[in-house]
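Quick note on labels: first sequence line is chain A, next is B, and so on, each numbered from 1.
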Amino acid sequence: MKEYDHKKIEKKWQNFWDKNGTFTAKNTSKKPKYFNLIEFPYPSGAGMHVGHIRSNTAMDIISRKRRMEGYNVLYPIGWDAFGLPTENYAIKTGIHPIKVTKQNTDTFRRQLKALGFSFDWSREINTTDPKYYKWTQWIFLQLFKKGLAYKTKTEINWCPSCKIGLANEEVVAGKCERCGGPTEKREKEQWMLAITKYAERLDKDLDTVDYLEKIKIQQRNWIGKSEGAEIDFKMFSARQDLAEEVKVFTTRPDTIFGATYLVLAPDHNLVQELRSKISNWAEVEKYISLVKTKDDIERTGENKEKTGVELKGVHAINPANKKEIPVWIADYVLASYGTGSIMAVPADDTRDREFAEKFNLPIISEYKKAGFTDFGKKVTKFKLRDWVFSRQRYWGEPIPLIHCDTCGFVPVPEKDLPVILPKVVKYKPTDNGESPLADIKSWVNVKCPKCKGNAKRETDTMPNWAGSSWYFLRYTDPKNNKELASKKVLKYWMSSKSGGVDWYNGGMEHTTLHLLYSRFWHKFLYDIGVVPTSEPYMKRTSHGMILAAQGEKMSKSKGNVVNPDDLVKTYGADTLRLYEMFMGPFDQSVSWNSDSMIGPRRFLEKVWRVGMKALTRADKNSTASLQKILHKTIKKVTEDIEGMHFNTAISSMMILVTEMENEEAISIDDFKKFLKILSPFAPHVIEELWSICKEKKSISYSVWPLWDSNLIKDDEIKIVIQVNGKVRSEMMILPTLNEESIKGQALKDENVIKHLGGQDPKRVIYVKGRLVNIVV
RNA sequence: GCCCGGAUGGCGGAAUUGGUAUACGCGCACGACUUAAAAUCGUGUCUCGUAAGGGAUGUGGGUUCGACUCCCACUCCGGGCACCA
């Protein structure tokens with residue numbers, strides 16, 4: 001009898017799959033296609049996180065099951081390798097990000113291969129590869145040509161001591177993460193993408209896709225569609241009439257009779273325009289600069305107290321009742337949403353009420369009695385803002401534009417793509433906040449493609465959302481250098497009956513931005529005829545985070561990171577995969593506990609023993625009770641995988657295996673059926689047992705077993721008997737027995753008679769196949 | 001402050017979606033095998049009670065014959081955030 005030696009077995013089958021191209025997807029096939037997707041990892045220096053394994057194993061199980069169900073499965077992998085951590089590492093060490101990326105992807109590749117994921121490695125992609133980002137740049141140019149990319153001033157976080165623009169992530173409670181000094185806001189010209197032009201479709205088309213409901217809610221909340229009205233309020237000053245009007249947006253135009261004051265955002269344009277009419281300008285100006293120093297957390301967090309200043313000397317007229325009302329500025333109104341101004345209805349809105357109470361502004365409680373006629377014009381507003389698309393950073397795709405004083409911004413001709421990221425000496429942004437690329441004169445200075453005059457390259461780079469907004473498309477045709485992917489191949493993988501990526505799983509943290517950005521790009525590509533569907537992903541699910549033992553996030557600084565390499569060595573990849581699927585419900589966060597890995601390991605050892613027993617004994621038939629439980633388990637595992645209830649699927653297989661070990665007879669055929677349903681979870685050890693069963697081909701393309709519903713049927717069912725909702729007895733009945741007989745039999749039960757204590761039942765409730773409840 | 005999740009034995013969790021609460025796994029205790037240990041197997045393991053019974057699914061209410069599941073109010077934990085008019 002052979003021993004279960006995970007090291008030998010795992011190595012053997014990983015080599016076998018590699019050599020035979022077992023998981024290489026074909027671009028043409030008679031089989032129906034199935035495109036499974038995980039979020040491609042960012043290859044961080046820390047190596048693979050156990051959280052990656054959770055998502056990858058889940059989608060691997062689904063991919064392997066689909067192959068056995070007769071699909072041509074594409075389960076690809078790549079690297080989302082541009083981004084801050086690698087760049088910051090380069091700034092610190094001076095090692096080129098290309099080199100760092102290579103090291104990190106090598107580590108990740110080795111780790112992923114050691115877990116036996118059925119990726120099609122021949123399609124591996126890397127967002128930092130010029131052959132890849134050529135097409136990221138190409139998509140940007142199409143957006144630019146359609147007027148969806150534009151430049152405007154926005155606020156960025158600036159660290160005055162590091163002289164560097166900071167990402168939100170690098171500002172911790174108003175302090176620079178690098179030096180600890182205070183940060184400030186600075187105006188900067190940035191490239192923007194007009195995602196708001198797609199807001200309506202991004203909202204509406206959610207009806208056409210199969211996302212988890214909570215994910216749809218997140219998307220909808222982020223897009224934030226609301227119907228309301230824009231109403232003009234006439235303004236006048238004490239000294240002279242004003243031609244000015246303030247446009248306010250409200251979702252409740254019917255409350256207009258209760259509007260007792262207006263509030264403008266402190267940075268509303270009109271405030272500056274009214275300067276000469278405002279009698280307390282000094283006070284107003286002071287307030288505006290105070291608001292500028294606050295960051296969003298301060299404005300929203302501890303500082304719940306409402307603040308604001310009245311614009312003295314100006315008033316507005318409520319168009320509904322012609323009353324004169326005061327105008328205030330306050331930081332609870334944001335310039336970036338709606339019209340940047342509101343009509344305050346303190347009787348209806350809590351924020352307005354708090355504000356009114358603090359500043360003694362009138363509250364009209366009977367506003368609803370006044371007859372309402374429509375004011376203003378109906379409009380639809382979205383919370384969604386345009387996407388700030390440029391970064392003054394090194395490690396990103398160069399924005400392929402050239403600025404010419406005569407012609408303005410001119411696209412780099414498509415034949416000159418990609419615009420290669422040049423080598424620099426220093427990766428740190430320049431002191432004036434420009435990208436390090438701005439210092440390379442030989443790269444920056446070029447001729448204008450249009451007028452051939454002197455011109456300069458755009459030195460900003462793209463955010464790392466760019467490469468991840470379309471990567472799944474590249475998997476279909478990763479080596480194409482004429483198009484981002486050929487139409488024919490895209491049509492095959494992206495538009496069969498189901499359309500798009502069939503199943504996409506990823507973290508909840510990406511269900512707003514990444515998901516929205518990639519849907520936006522996809523819709524744009526659809527509009528210009530590049531892709532065949534208007535939605536990229538047909539189905540989207542998400543997994544819960546894996547936390548450290550005490551329920552904290554795993555992090556280097558806390559020293560609680562679990563290294564998968566050690567676990568693979570000790571327990572084996574199959575055990576690790578099984579443990580991660582067994583540890584808790586897939587969509588919820590769970591705490592890691594390496595001690596619990598022994599359970600799945602023992603299970604696999606038991607599977608091995610049962611296999612050896614089945615082989616030596618060579619029983620013709622399994623016992624009837626074993627057949628029954630086997631078919632019940634096939635049904636449960638088949639259904640649980642589809643619902644991502646991997647933990648209960650494994651638990652049912654554990655019960656089955658215990659049963660197999662105890663039963664006298666197991667036929668080889670039945671044992672093989674069991675191997676098939678376990679194979680997606682623990683592929684290495686199962687391939688080994690499959691081959692020991694004298695099977696010549698990989699189990700990966702065997703046929704997924706069906707359950708026989710006749711074998712599952714129960715001859716007798718258990719009925720629980722309750723008295724007043726409390727369990728008092730139970731009985732076995734034939735499933736064919738009618739309701740009256742069941743109730744009659746229940747009433748004759750001796751425990752029931754005891755608990756009735758001679759009282760007559762008021763009601764007898766029968767729940768089919770479950771219980772009888774006798775109420776007295 | 002807002003949004004989305006979550007809370008069940010010593011621990012991770014299960015519960016046919018309103019119908020036997022605690023499946024499966026870990027841990028622990030005892031037993032078998034062994035010179036012994038490991039491994040494996042078996043038995044037990046929410047709580048109070050000798051028992052009959054009673055009480056438990058974060059807290060307090062409600063609906064129902066019946067609530068872990070539905071409704072209302074709250075507490076704590078995790079994630080996200082742009083005070084969204």
Enquirer: Work out how far the C1' atom of B:U57 is from that of B:U50, and round it to whole angstrom.
Expert: 29 Å
Enquirer: Under 4.0 Å, heavy atoms only, any strand: does A:K216 hit a base, just the sugar-phosphate, or nothing?
Expert: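 Nothing, no heavy atom under 4.0 Å.
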Enquirer: Are OP1 or OP2 of B:C41 and a side-chain N or O of A:R609 less than 4.0 angstrom apart?
Expert: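 True: A:R609 side-chain N/O within range (under 4.0 Å) of B:C41 OP1/OP2.
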Enquirer: Using the C1' atom on both, measure B:A7 against B:A82 and round to a whole Å.
Expert: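 B:A7 and B:A82 have their C1' atoms separated by 29 Å.
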Enquirer: Suppose we define a pair by two distances each less than 3.5 Å, Watson-Crick or G-U wobble; what does B:G9 pair with here?
Expert: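 Across all strands, not a single nucleotide pairs with B:G9.
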Enquirer: Roughly how far apart, to the nearest Å, are B:C48 and B:U43 at atom P?
Expert: 24 Å
Enquirer: Which nucleotide in the set B:A85, B:A82, B:G42 lies at the smallest distance from any side-chain heavy atom of A:N662?
Expert: B:G42
Enquirer: The side chain of A:M583 lies closest to which of these nucleotides: B:C24, B:G12, B:A85?
Expert: B:G12
Enquirer: Indicate yes or no: at least one non-hydrogen side-chain atom of A:L262 is less than 4.5 angstrom from one of A:F233.
Expert: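 Result yes, sub-4.5 Å side-chain heavy-atom pair found.
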Enquirer: Output the rounded distance in Å from CG (A:L547) to P (B:G12).
Expert: 12 Å
Enquirer: Partner lookup for B:A29, please. Criteria are Watson-Crick or G-U wobble with both distances under 3.5 angstrom; report none if nothing qualifies.
Expert: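 Looking at the geometry, B:A29 pairs with B:U43.
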Enquirer: Taking NZ from A:K383 and C1' from B:C81, how many angstroms apart are they, rounded to a whole number?
Expert: 10 Å
Enquirer: For B:U34, is chi within 90° of 0 (syn) or not (anti)?
Expert: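 You should classify B:U34 as anti.
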Enquirer: Would you indicate which nucleotide in B:G19, B:A85, B:G25 comes nearest to any side-chain atom of A:T251?
Expert: B:A85
Enquirer: For nucleotides B:C28 and B:A39, find the distance between their P atoms and express it as a whole number of Å.
Expert: 10 Å
Enquirer: Within a strict 4.5 Å, meaning less than it, do heavy atoms of the A:W592 and A:V50 side chains meet?
Expert: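 Yes. Closest side-chain heavy atoms under 4.5 Å.
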Enquirer: Can a side chain N or O of A:R770 be found less than 4.0 Å away from OP1 or OP2 on B:A15?
Expert: no
Enquirer: Using the P atom on both, measure B:U22 against B:C46 and round to a whole Å.
Expert: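 Comparing P positions in B:U22 and B:C46 gives a spacing of 10 Å.
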Enquirer: Let's see if you can work this out: which of B:A85, B:A14, B:C3 has an atom nearest to the side-chain heavy atoms of A:N221?
Expert: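 Nearest nucleotide to the side chain: B:C3.
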Enquirer: Can you tell me which nucleotide in B:C84, B:G27, B:U20 comes closest to the side chain of A:R602?
Expert: B:G27
Enquirer: What distance, rounded to whole Å, do you find between the two P atoms, one in B:A21 and one in B:C71?
Expert: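 It comes out at 22 Å once rounded to the nearest Å.
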Enquirer: Is it the case that A:K743 places NZ or CZ above or below the six-membered ring of A:Y766, under 6.0 angstrom from the centre and within 45 degrees of the axis?
Expert: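 Negative - A:K743 is either too far from the ring of A:Y766 or too far off its axis.
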Enquirer: In whole angstrom, give me the gap between the C1' atoms of B:A32 and B:G25.
Expert: 23 Å
Enquirer: If you check every side-chain atom of A:I655, which of B:A23, B:C4, B:A85 has the closest atom?
Expert: B:A23
Enquirer: Start with the C-alpha gap between A:D587 and A:H543, add the side-chain angles, then the distance that decides, and say whether side-chain hydrogen bond (donor to acceptor under 3.5 Å, both in side chains) holds.
Expert: CA-CA 4 Å; A:D587 60 345; A:H543 56 273; over 6 Å; no
Enquirer: Sticking with atom P, work out how far B:U40 lies from B:C76, rounded to a whole angstrom.
Expert: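 B:U40 and B:C76 have their P atoms separated by 45 Å.
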Enquirer: For the side chain of A:K606, counting heavy atoms from C-beta on, which of B:C84, B:A85, B:C41 is nearest?
Expert: B:C41
Enquirer: In terms of side-chain heavy atoms of A:V775, which of B:C41, B:C65, B:C24 is nearest?
Expert: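 The answer is B:C65, which lies nearest to the side chain.
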Enquirer: Aromatic rings A:W387 and A:Y517: how do their planes relate, parallel, tilted or perpendicular, breaks at 30° and 60°?
Expert: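 Ring orientation, 0 to 90° scale: parallel.
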Enquirer: CG of A:L567 to CG of A:L576: how many Å apart, nearest 0.5 Å?
Expert: 5.5 Å
